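Only one structure is covered here, and it is reproduced in the block below.
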Amino acid sequence: MAEEKKSFVRISALLWADVLVAYALFVMQNYLTDVWGLSLIHAALILNIWNGVYRILPLFFLYLVDKYLGHLKLLVFTSLAYAAGITMVAVSTPPLANASGTCKRYEPECVGHAQKGILIAGLALIAVGVAGNLVSLLPYLNWKKKIDETSSGRGVDVYQVAGLIGVVVVPIVGAIALPYIRPPTLKFGIPAICTVVGTFLFLTGFSKYTDDDPSRNSPLFNVFRVFVAASLKIFRSYPDSNEDYHGHEIGKTELTPTRCLRGLHKAAIILPGEVPPTGKSWTLCTVAQVEEAKIAVRMLPMLMTFIVCGVVAAIGDTYFVEQAGKLNRNIGRLTLPIQVLLLVRRSTKDWLGREVKKFLEKFKTGRAPSYGIAAGMVCSILCCISAALVEQKRLKVVIRNGLLDQPDEQIKMSIYWLVFQFILLGGLEAFLDNSVSVYYRDQSPGSVENYLVNFIRGVTGLGYMCSALSVYVVGKISEKGGRTNWFQHSLNRSRLDRYYWVLAGLSLLNLVVFVFVASFYRYKKPEEDGRSAPDQGDGFTDKFTEGDQNRTCCCFC
């Protein structure tokens, strides 16, 4: 029994280094521009692609977990990738990469092609590790905790307390000390050591862990089957009776197809002489599976509006950080690290997120989450406006002090001018994350809830990637007519303020589109939800009777 409790501590060790890695990578933008000598845009491109990849990967990993691996096997693979990735990032720094040479300075001429390749490969492996943690770490930890409590009959154990203390104390101590460490080798090396140690502790108890078996039933797989089956029967006519639909009844309640996306109904048509299969079939699906696929399609218009929110969030991890690195960080004799802005952003997100959740629980109406999403989009508009005004002020200080061609010089302007835009960025994430999760929890079947949460994260990740595209397009447009491109090699020569105004206008347009889409969305009322536990064979068991047809979650019916 003691070994089962100790395993909780070992699994918790995977959480210890997460905060340290996040704080180290927060300054990656400055590292790429100052040490690698990359342009402002090139460095932001690398980070935006990385941020997009680790947000999109969870969808693929969740499918593997449900269909083949289970949480434990995925954790083993991704934790090894995580440890290897951050180690490669540390090794790619000039002093370690050139251990046998003479060029050990943190300067662009000391960074060769080998170091660049190692760092990019390391970032890719870190993306795999972060995605694996997002999918499996907390679900498996909670599942393991429940198993241990059931087997022991006790709710709290000293080993669980020790694991939770380690999760809290180790990152806090490291997060306080790490920002004051200046050499990038140590800044990346310390999180690498902690991650390797945490992974080693996790793997030492592998034989003691109880593995969770994959369900072999992936809702995402069922959605694909619906589209394939409907395509194969595209020229078939609709039957006259509901009895010709496969699975038209669940229990004693008749499940009538809803009116939207009627073409997908053909996936459930039973052809003459066709025997409904007992397992999975690519030619025949149940009505419940068809409805599940239709819900996923109906939500797409609203999901697409979150891409712009991802574009705005991307500037907080790149251009905002680049600005912060060149501003005055002193309070009296104390010099605070750049990471204090990350703390402001996350604290705002956590505190405001709890308040948003309380609000949504209090006002349990179908449209309440939509108001929260709209509030998040308003925060994105205000964030861009605030960033544009602050950048205009910063450029005036730069010009007044003759620093246009001195990008490495500190500017006589406090870093705390950036605090308000980081607060608004945290507000955007707080409103969006909590409102969207409640919205899709209420409007979607329970079996696809995990997929929708990760799909929303993936759409935001797509926004990070689109940020690079927006910079390219805006830059090309800005240089038409022989004018200077807004995006130059250095921050002082660029006109990020104008780019922020463009994003503010784009965010305003996105809010208008969201309001239009949300106004046409048919919301399910809580008392009409009728949701029950998901059926392992058919995906979900929501009851849609003929009287409910006009009240289901349908967009543009």
Side-chain angles (χ1 to χ4, degrees), residues 18-19 21-23 25-26 29 44 47-48 50-56 58 130-131 133-134 138 175 302-321 324 338-361 368-387 418-441 452-467 470 500 503-504 506-508 510-511 514:
D18 276 358
V19 174
V21 173
Y23 273 79
L25 294 183
F26 183 69
Q29 172 78 20
L47 292 182
N48 286 334
W50 178 78
N51 276 288
V53 168
Y54 92 72
R55 285 172 168 83
I56 293 174
V130 173
N133 282 0
L134 289 174
L138 288 179
M302 192 171 291
L303 279 171
M304 292 302 101
T305 63
F306 303 151
I307 293 178
V308 175
C309 297
V311 174
V312 174
I315 62 178
D317 294 323
T318 51
Y319 303 125
F320 287 4
V321 178
I338 298 177
Q339 283 86 345
V340 71
L341 296 175
L342 177 61
L343 182 62
V344 169
R345 177 178 174 179
R346 292 195 169 182
S347 299
T348 303
K349 178 181 177 181
D350 293 340
W351 174 79
L352 189 57
R354 290 192 293 268
E355 298 302 316
V356 171
K357 189 173 295 185
K358 291 178 183 178
F359 173 83
L360 294 177
E361 292 298 329
S370 297
Y371 300 145
I373 297 173
M377 292 181 177
V378 171
C379 285
S380 72
I381 298 171
L382 296 177
C383 178
C384 294
I385 294 175
S386 174
L418 302 177
V419 168
F420 188 57
Q421 61 201 59
F422 273 92
I423 290 176
L424 288 170
L425 203 57
L428 162 64
E429 295 170 336
F431 276 111
L432 196 65
D433 291 353
N434 290 278
S435 300
V436 168
S437 62
V438 172
Y439 175 83
Y440 285 111
R441 181 198 67 192
L452 285 170
V453 169
N454 285 284
F455 193 78
I456 294 161
R457 184 181 289 120
V459 170
T460 306
L462 183 61
Y464 274 80
M465 294 184 174
C466 288
S467 177
S470 70
Y500 293 155
L503 290 185
L506 185 62
S507 298
L508 178 59
N510 186 62
L511 175 61
F514 171 78

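Basis for what follows: all heavy atoms, side chains included, without hydrogens, waters or symmetry-related copies. Because the structure is predicted, anything quoted here is derived from the model rather than measured.
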Answer whether the closest heavy-atom distance between the side chains of Val459 and Ile456 falls below 4.5 Å.
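No, their side chains stay 4.5 Å or more apart.
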Side chain to side chain, Val53 and Met465, heavy atoms closer than 4.5 Å:
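Val53 vs Met465: side chains touch.
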Taking side chain to side chain contact (heavy atoms under 4.5 Å, CB included) as the test, write out the residues that go with [X], two or more places apart.
X      : value
Ser507 : Val308, Val312, Ser380, Ile381, Cys384
Thr348 : Val344, Ile423
Leu342 : Tyr23, Phe26, Arg346
Ala374 : Leu511, Phe514

Taking atom [atom1] of [X] and atom [atom2] of [Y], what is their separation to the nearest 0.5 Å?
X      : Y      : atom1 : atom2 : result
Ser467 : Asn51  : OG    : CG    : 10.0 Å
Met302 : Ile373 : CE    : CD1   : 6.0 Å
Leu303 : Thr460 : CG    : OG1   : 9.0 Å
Glu355 : Leu352 : CD    : CG    : 7.5 Å
Leu432 : Cys379 : CG    : SG    : 10.0 Å
Leu424 : Phe431 : CG    : CZ    : 10.5 Å

Report the residues that fulfil ring-ring contact (aromatic ring centres under 6.0 Å, His included) with Tyr500, sequence neighbours left out, ordered by chain and then residue number.
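With sequence neighbours excluded, Tyr500 shows a ring-ring contact (aromatic ring centres under 6.0 Å, His included) to Phe320, given in chain and number order.
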Partner residues of Phe306 under the ring-ring contact (aromatic ring centres under 6.0 Å, His included) criterion, sequence neighbours left out
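Phe306: no ring-ring contact (aromatic ring centres under 6.0 Å, His included) contacts found.
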Non-neighbouring partners of [X] that pass side chain to side chain donor-acceptor pair (under 3.5 Å), sequence neighbours left out:
X      : result
Asp317 : Arg345, Tyr464
Gln29  : none
Ser470 : Tyr499

Where [X] and [Y] come nearest, the two heavy atoms and their spacing:
X      : Y      : result
Cys466 : Val311 : CB-CG2, 4.1 Å
Val356 : Ser435 : CG1-OG, 3.8 Å
Ala387 : Gln421 : CA-OE1, 3.4 Å
Gly316 : Leu425 : CA-CD2, 3.4 Å

Counterpart residues, salt bridge (Lys or Arg N to Asp or Glu O under 4.0 Å), relative to Arg55 (two or more places apart)
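Applying salt bridge (Lys or Arg N to Asp or Glu O under 4.0 Å) to Arg55 gives none.
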With Lys357, which residues qualify under salt bridge (Lys or Arg N to Asp or Glu O under 4.0 Å), at least two apart?
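With sequence neighbours excluded, Lys357 shows a salt bridge (Lys or Arg N to Asp or Glu O under 4.0 Å) to no residue whatsoever.
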Looking only at atom types and distance, does a side-chain atom of Ser386 sit under 3.5 Å from a main-chain N or O of Leu382, one as donor and one as acceptor?
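No; judged by distance alone, with no hydrogens or angles, the pair does not exist.
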Is there a donor-acceptor pair under 3.5 Å between the side chain of Asn434 and the backbone N or O of Ala430?
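Yes.
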Does anything in residues 375-387 form a salt bridge (Lys or Arg N to Asp or Glu O under 4.0 Å)? List the pairs, not counting sequence neighbours.
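Every pair satisfying salt bridge (Lys or Arg N to Asp or Glu O under 4.0 Å) with a residue in residues 375-387: there are none.
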